[in-house]
2 protein chains.
Amino acid sequence: MPPVDRSVVADVALFAGLGPAELDEVLREARSIRYPKDSAVFHQGAEADAFFVLLHGHLRVEKTTPQGQQIVVRYVSPGEIFGVAQALALKHYPATAVAAVESIALCWPSAAWPRLTAKFPSLAAKALQTVGSRLQDTQARVMELSSEQVKQRVAHALLRLAKQAGRRIETGVEIDFPISRQDVAEMTGTTLHTVSRILSAWEQQGLVEGGRQRIVLRDPHKLFALAEGRIPSARS
Amino acid sequence: MPPVDRSVVADVALFAGLGPAELDEVLREARSIRYPKDSAVFHQGAEADAFFVLLHGHLRVEKTTPQGQQIVVRYVSPGEIFGVAQALALKHYPATAVAAVESIALCWPSAAWPRLTAKFPSLAAKALQTVGSRLQDTQARVMELSSEQVKQRVAHALLRLAKQAGRRIETGVEIDFPISRQDVAEMTGTTLHTVSRILSAWEQQGLVEGGRQRIVLRDPHKLFALAEGRIPSARS
DNA sequence: TGCGCGGTTTGCGTCAGGACAACGTTCCGG
DNA sequence: CCGGAACGTTGTCCTGACGCAAACCGCGCA
């Protein structure tokens, strides 16, 4: 009675090196859980009693500053491992994960981590790579925040979103989950007002196409040029 | 003929779980190298052919943006492992490490990493924790850059420096290596002009004490209050 | 059908902090 | 001992982006 079938994790990079029997063994300890839109998978500060792999949907990971400011740390896409706090020797989750759309995740108790990594060292190596690439992303973001104008940062954010959760449609690339201007603002360290202004301007130029919690990139190439700082910030 | 003696790594957390014989085995593959002030340990973009543990001194890790802007990513203190690019599946170093003062580091060829982690799993676990805490730090910095004023960011930066490389002297806590206003600017995402102004103001209030490539915190407690955003940014 | 709420747009005033520039100071090498 | 370079200070100006506030829009719901 394996509660989780192998087929659902066929494309999860974390398990790439494992054979069918090993995979079953790992999955035997997991539970599959469904998270309705806007429900939290875990909360910042809560005890880190589990880690997860996202099967379906999209999560928004956010942190709140001591002063109450919210920041969107990143979005989680299917196939990713997340909530690995205890592997980093953290007792509590450092951030909150919220389902941006109805989502499904596999869930292991934290206690399983030491046992699984001991038995399957490739898991530890893969986790190290995942955390490493997350560190790369975060450092890239520090560099953006330190050296770029708001417009460039917004452009970068949109491109990144499109890359990891873009869906091709006739008129361009659509972000595959509901995302508000507020969310974009929290990703780029600015205010929703400024984001709204920028997107309105771009919409008039035909660069993007907006809507309620919806963003479509009509001209990613030009957007990229903007992000790179070429195009001196389209006057008037 | 072990080129490196056990005693020099007595306080390196990475090797905490290893016995004397195991330690010798690990150290047998290492070389100890001396880096004069201002020399580079490795360069951003260079092939990641080695990883390191700092024994003595301080390193400045910096990244250069495509547009040529430099950012100080962090400072490395004795006992830390660094340059673990290949463990994160990176072919090239993502940043440059420069000796802020004359420094000494242990150096292993990258090829040794898979072998050592296979034999001593605690190394992989420790590395995961190290990278994890680095990720925490970087995300904290993103939050600062996103939500705080320049003054608060500078205060935070000074406190962090003092914490990891502070030396108690009569008048307060001194940063233990030469650091210019430019460096502080590159840590906080601002310009050396602004940093200079801020530090001058603080010096007049007796909060800090400056000098050429030198910073002393005279009142860390008040500085902390400033960093937290209490004290509404000392008018006039 | 009308109401209300969450999300969005936009105008306007303000100001923190960046750009530019000139000058002072300390340190080092010849 | 002198000259220059690197580092730091300070003044002035200017603008990008934030704060506030008001209006708007579309969607879901009663």
Side-chain angles (χ1 to χ4, degrees), chain A residues 37-38 60 67-70 72 98 100 144-155 157 175 177-205 208-216 226 229 231-236, chain B residues 36-38 60 67-71 98 100 144-155 157 175 177-205 208-216 226 229 232-236:
Chain A
K37 177 166 153 61
D38 293 327
R60 184 177 61 248
Q67 289 80 34
Q69 259 258 13
Q70 270 205 356
V72 173
V98 175
E144 285 180 22
L145 284 165
S146 301
S147 70
E148 294 180 355
Q149 304 281 90
V150 171
K151 279 183 199 182
Q152 302 179 50
R153 302 208 301 263
V154 173
I175 309 298
F177 48 80
I179 181 167
S180 72
R181 315 288 141 125
Q182 177 71 44
D183 293 329
V184 177
E186 288 178 7
M187 297 180 68
T188 51
T190 181
T191 61
L192 91 160
H193 308 271
T194 302
V195 171
S196 182
R197 271 180 253 270
I198 291 174
L199 290 188
S200 295
W202 285 351
E203 183 146 20
Q204 294 204 333
Q205 299 173 236
V208 302
E209 194 181 309
R212 197 188 180 70
Q213 310 221 92
R214 186 166 158 281
I215 300 175
V216 178
L226 243 166
I231 305 184
S233 168
R235 186 67 47 224
S236 168
Chain B
K37 178 166 152 61
D38 292 326
R60 185 177 60 247
Q67 289 80 35
Q69 259 258 13
Q70 270 204 357
I71 308 278
V98 176
E144 284 180 22
L145 284 165
S146 301
S147 69
E148 293 180 355
Q149 305 280 90
V150 171
K151 279 184 197 179
Q152 301 180 50
R153 302 207 303 262
V154 173
I175 309 297
F177 47 81
I179 181 166
S180 71
R181 313 290 143 128
Q182 178 71 43
D183 293 330
V184 177
E186 289 177 7
M187 295 180 69
T188 51
T190 182
T191 62
L192 90 159
H193 306 274
T194 302
V195 171
S196 182
R197 269 181 253 273
I198 290 174
L199 289 188
S200 295
W202 286 349
E203 184 146 20
Q204 294 204 334
Q205 299 174 237
V208 303
E209 194 182 311
R212 199 185 180 70
Q213 312 224 88
R214 185 167 160 282
I215 300 175
V216 178
L226 243 166
S233 168
R235 187 62 52 219
S236 168

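What you see is a predicted model, and the numbers here were worked out from it, not measured in a lab. So that the names make sense, note that chain A is the first sequence line, chain B the second, and so on, each numbered from 1.
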Value in whole Å for how far the [atom2] atom of [N] lies from [atom1] of [X]:
X: E209(A); N: dT9(C); atom1: CD; atom2: P; answer: 13 Å
X: I179(A); N: dG7(C); atom1: CD1; atom2: P; answer: 13 Å
X: E148(B); N: dG17(C); atom1: CD; atom2: C1'; answer: 16 Å
X: Q213(B); N: dT9(D); atom1: CD; atom2: P; answer: 12 Å
X: E203(B); N: dG8(D); atom1: CD; atom2: P; answer: 12 Å
X: L192(A); N: dT10(C); atom1: CG; atom2: P; answer: 13 Å
X: R214(B); N: dT25(C); atom1: CZ; atom2: C1'; answer: 16 Å

Checking [X] now: which residues fulfil side chain to side chain contact (heavy atoms under 4.5 Å, CB included) with it, not counting sequence neighbours?
X: T190(B); value: V150(B), A185(B), T188(B), T194(B), V195(B)
X: R214(A); value: E174(A), E209(A), V216(A)
X: Q149(A); value: Q152(A)

- Message: If I compare all heavy atoms of E203(B) with all of G210(B), which pair ends up nearest, and what's the gap?
- Response: OE2-N, 3.1 Å
- Looking only at heavy atoms, which two atoms of E148(B) and R153(B) are closest? And how far apart? O-NH1, 3.1 Å
- Task: Mind grabbing the angle between the end helix axes of the helix from dT1(C)-dA30(D) to dG30(C)-dC1(D)? Five pairs an end, 10° rounding.
- Result: 30°
- Would you say Q69(B)'s side chain and S147(A)'s backbone share a donor-acceptor pair under 3.5 angstrom? no
Expected rows: protein N/O vs nucleotides 24-30 of chain D N/O, under 3.5 Å:
none

- Per S180(B) side chain, nearest of listed nucleotides dT9(C), dG8(D), dA16(C): dG8(D)
- Item | Closest-nucleotide ordering on DNA chain D, the 5'-leading residue of V195(A) and V195(B) | V195(B)
- Under 4.0 Å between any heavy atoms, over every strand shown, what does S196(A) touch: base, sugar-phosphate, or nothing? Just pick one. base
Please list each protein N or O that sits under 3.5 Å from an N or O in nucleotides 18-22 of chain C, with the distance.
residue : atom : partner : partner atom : Å
dG18(C) : OP2  : T190(B) : OG1          : 2.5
dG18(C) : OP2  : T194(B) : OG1          : 2.9
dA19(C) : N6   : R197(B) : NH2          : 3.4
dA21(C) : N6   : H193(B) : ND1          : 3.2

